[in-house]
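Encoded as structure tokens, the structure appears first; notes follow it.
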Amino acid sequence: MGGVEGFAEDGYGAVRQVFERLVADGTETGAGLSVWRDGREVVRLSGGWADEERRRPWRSDTLVQPYSLSKAFVTLTALTAVRAGALALDEPIARHWRAYGARGKERTTLRHVLTHRAGQPRFPAEAAGLDLLDDAALRDSLARSAPEYAPGTGLGEHALTYGHLVDGLLRAGAGTTLGELFDGVVRPALGLDAWFGVPDDALHRVADLVHGPADWPERLHAAPWLAVPAGALDVDRMNARSWRQSVFGAVNLHTTATAVARFFAQLTSADGPVRALLGPELHAELLASQVTGFDEVFGTEITWTLGFVRDRGRSPRGASAALPLGGPCGTSTRAPTSRAASTTTRAPPRSPPRWATT
């Protein structure tokens, strides 16, 4: 039990050897790996354990939380509402979310949020006493606070705030929530085994998170932007059922790495599911470079699209999901920066909101 399962096609034997070594020597508690080429999966491996006690083998359908990779699917959910005409990229958020239009945020747009230039890369200090799962209070704290810089003038990954900002706008402008729109429209349209709020019948598939080095949270470059509210790097909190079944869009998608690797393999395709979901104009907007600059949270220069990094193969320091477009991606039970993948078991879609484009 806990051995390596799956396949690696001819020409990928060395990949399997490295994967087997990482699992065998304990570098990875458990992991999966998916490699796609020319629209086809050529490697799918899983091995090790999905829990620190080593009682549950990592299977091909094991779900795991990939931290910031979650933001890619928040982006798609927001753009689905744009295509439906409920929102627009360049209109002030305050036109819909009136409480948000205060203290220098009167002209902040959805484009600012999706490109990490809204000036709210972290929750304000006054949110320090809030619970990690108090969605309404966390959204309100963002609406009440001033940005750290004038929107559009700085750059820094909105590490924990990204999902709450989009969710607040969706609630006010589209009459739905991030979780509802993702689950009702985006997930079934893309055929994803991915969840904001893991359903009861899939909880047994979720891998526990464990830190590799015990001091990993303190060494992470982005740690100051992840401190409020407390708990985002606490693996005991991340492994709780309440967290797994909540919606914290910036970081708590749960998915398999084959699902994610397939998504990125199809992302740029002119006849792929992302283009079909968004239409040609928004699909082109999604992939186009929007801003290049020094990202204070990653600590390096980055080019952002509408929610994705175009880094030409160079990963920012401490990034758990900043990936080249169409590149490899993945998940692991060790440190959140590890990369790996696995396979999918799809659930039946719910009915989409009546205003959504399908």
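Along the sequence shown, residues are numbered consecutively beginning with 1. Note that the coordinates shown come from a computational prediction; the quantities given were computed from them, not determined experimentally.
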Check your understanding: Is there a donor-acceptor pair under 3.5 Å between the side chain of R103 and the backbone N or O of R144?
Key -> yes
Check your understanding: Quick one: side-chain hydrogen bond (donor to acceptor under 3.5 Å, both in side chains) partners of E126, sequence neighbours excluded?
Key -> none
Review point. Is the backbone of A118 close enough, under 3.5 Å, to the side chain of K105 for a donor and an acceptor to pair up by distance?
Key: no
Practice item. Determine the minimum heavy-atom distance between P151 and T108, stating which atoms define it. Key: CG-OG1, 3.1 Å
Exercise for review: Using the test side-chain contact (heavy atoms from CB on, under 4.5 Å), find all partners of A202 that sit at least two apart in sequence or belong to another chain.
Suggested key: L63, V198, P199, R205
Review point. Checking side-chain contact (heavy atoms from CB on, under 4.5 Å) for the pair E5/S46: CA distance, chi angles, key distance, verdict?
Key: CA-CA 5 Å; E5 300 178 347; S46 58; 4.1 Å; yes
Exercise for review: Would you indicate whether the side-chain heavy atoms of E148 and R122 approach each other to under 4.5 Å?
Suggested key: yes
Point to revise | Whether R117 side chain and G156 backbone form a donor-acceptor pair below 3.5 Å | key: no
Check your understanding: Side chain of H116, backbone of P121: donor and acceptor closer than 3.5 Å?
Key -> no
Exercise for review: Report the C-alpha separation of T176 and R171 in whole Å, then their side-chain angles, then the decisive distance to 0.1 Å, and conclude whether the side-chain contact (heavy atoms from CB on, under 4.5 Å) test is met.
Suggested key: CA-CA 5 Å; T176 189; R171 288 170 183 266; over 6 Å; no
**Study point:** pair H158-K71: side-chain heavy atoms closer than 4.5 Å
**Key:** no
Exercise for review: Report the residue from T255, N252, T256, V251 that forms a side chain to side chain contact (heavy atoms under 4.5 Å, CB included) with P66.
Suggested key: T255
Revision key, fill the gap. The side-chain hydrogen bond (donor to acceptor under 3.5 Å, both in side chains) partners of E52 (sequence neighbours excluded) come to none
Practice item. For W97, enumerate each residue passing the ring pair (Phe, Tyr, Trp, His ring centres under 6.0 Å) test, keeping only those at least two apart in sequence or located in another chain. Key: Y100
Check your understanding: Where do Q120 and L165 land on the side-chain contact (heavy atoms from CB on, under 4.5 Å) test, with the steps shown first?
Key -> CA-CA 9 Å; Q120 294 187 298; L165 289 168; 3.4 Å; yes
Check your understanding: Which heavy-atom pair separates T300 from F294 by the least distance, and what is that distance?
Key -> N-CE1, 3.6 Å
Practice item. In sequence, state the C-alpha distance, the side-chain angles, and the governing distance for L142 and H164, and then conclude on side-chain contact (heavy atoms from CB on, under 4.5 Å). Key: CA-CA 8 Å; L142 292 171; H164 288 72; 3.9 Å; yes
Revision key, fill the gap. side-chain hydrogen bond (donor to acceptor under 3.5 Å, both in side chains) filter on R237, not counting sequence neighbours, yields D131
Study note, to complete from the structure: Nearest heavy-atom approach of S246 to L133 is OG-CD2, 3.4 Å
Review point. Would you call R111 and E285 a salt bridge, taking side-chain N to carboxylate O under 4.0 Å as the test?
Key: yes
Review point. Should W36 and L45 be counted in the same cluster of Ile, Leu, Val, Met, Phe, Trp and Tyr side chains packed under 4.5 Å apart?
Key: no
Point to revise | ILVMFWY cluster, I302 and Y149 together (side-chain gap under 4.5 Å) | key: no
Point to revise | Side-chain (D295) to main-chain (E157) donor-acceptor, under 3.5 angstrom | key: yes
Check your understanding: Should W225 and F298 count as side-chain neighbours, where that means a heavy-atom distance under 4.5 Å?
Key -> no
Check your understanding: Should we count CD of E53 as having more than 12 external heavy atoms under 6.0 Å?
Key -> yes
Check your understanding: Are side-chain heavy atoms of R310 and F308 found at a separation under 4.5 Å?
Key -> no
**Study point:** Short N-O contact, D51 and R55, less than 4.0 angstrom
**Key:** no
Practice item. Kindly indicate, with the supporting measurements, whether the criterion side chain to side chain donor-acceptor pair (under 3.5 Å) is fulfilled by Y162 and T75. Key: CA-CA 9 Å; Y162 196 80; T75 297; 2.7 Å; yes
**Study point:** Under 3.5 Å donor-acceptor, E180 side chain and T177 backbone
**Key:** yes
Review point. Ion pair present between E9 and R40, side-chain N to carboxylate O less than 4.0 angstrom?
Key: yes
**Study point:** Side-chain donor/acceptor of H254 to backbone N/O of V64, under 3.5 Å
**Key:** no
Review point. According to the interplanar angle, ranging from 0 to 90°, do the rings of F182 and F196 count as parallel (below 30°), tilted (30 to 60°) or perpendicular (above 60°)?
Key: perpendicular
**Study point:** Sub-4.5 Å side-chain heavy-atom contact between F73 and L192
**Key:** yes
Check your understanding: For the side chain of H211 and the backbone of L233, is there at least one donor-acceptor N/O pair under 3.5 Å apart?
Key -> yes
Exercise for review: Using the salt bridge (charged side-chain N to carboxylate O under 4.0 Å, His left out) rule, collect all pairs that involve residues 241-254, keeping only residues at least two apart or in two chains.
Suggested key: D200-R241, D208-R244
Check your understanding: Which residues pass the side-chain contact (heavy atoms from CB on, under 4.5 Å) test with L22, sequence neighbours left out?
Key -> V18, T27, E28
Point to revise | Set of side-chain contact (heavy atoms from CB on, under 4.5 Å) partners for H283, sequence neighbours left out | key: V274, R275, L287
Review point. Does D215 use its side chain to pair, donor to acceptor, with the backbone of E218 at less than 3.5 Å?
Key: no
Study note, to complete from the structure: Going by chain and number, the hydrophobic cluster around F7 (ILVMFWY, side chain to side chain under 4.5 Å) further includes none
Point to revise | Flag side-chain contact, heavy atom, 4.5 Å: L169 against L110 | key: yes
Exercise for review: Could you walk me through whether W195 and D193 pass side chain to side chain donor-acceptor pair (under 3.5 Å), step by step?
Suggested key: CA-CA 7 Å; W195 309 89; D193 186 13; 3.0 Å; yes
Practice item. Could you list the residues that satisfy side-chain contact (heavy atoms from CB on, under 4.5 Å) with R107, not counting sequence neighbours? Key: none
Check your understanding: Taking only residues two or more places apart in sequence or in another chain, which ones pass side-chain hydrogen bond (donor to acceptor under 3.5 Å, both in side chains) with D271?
Key -> S269
Review point. Looking at L226 and A159, what are the two nearest heavy atoms and their distance?
Key: CD2-CB, 3.6 Å
Practice item. Using atom types as modelled and distance alone, determine if a side-chain donor or acceptor of H112 lies under 3.5 Å from a backbone N or O of T109. Key: yes
Practice item. Check whether any side-chain heavy atom of E301 sits under 4.5 Å from a side-chain heavy atom of T292, and report yes or no. Key: yes
Revision key, fill the gap. Paired with L181, the side chain to side chain contact (heavy atoms under 4.5 Å, CB included) test is passed by just one of L76, D167, T77, namely T77
Exercise for review: Mind checking ring pair (Phe, Tyr, Trp, His ring centres under 6.0 Å) for W243 and listing every partner two or more places apart, or none if nothing turns up?
Suggested key: F248
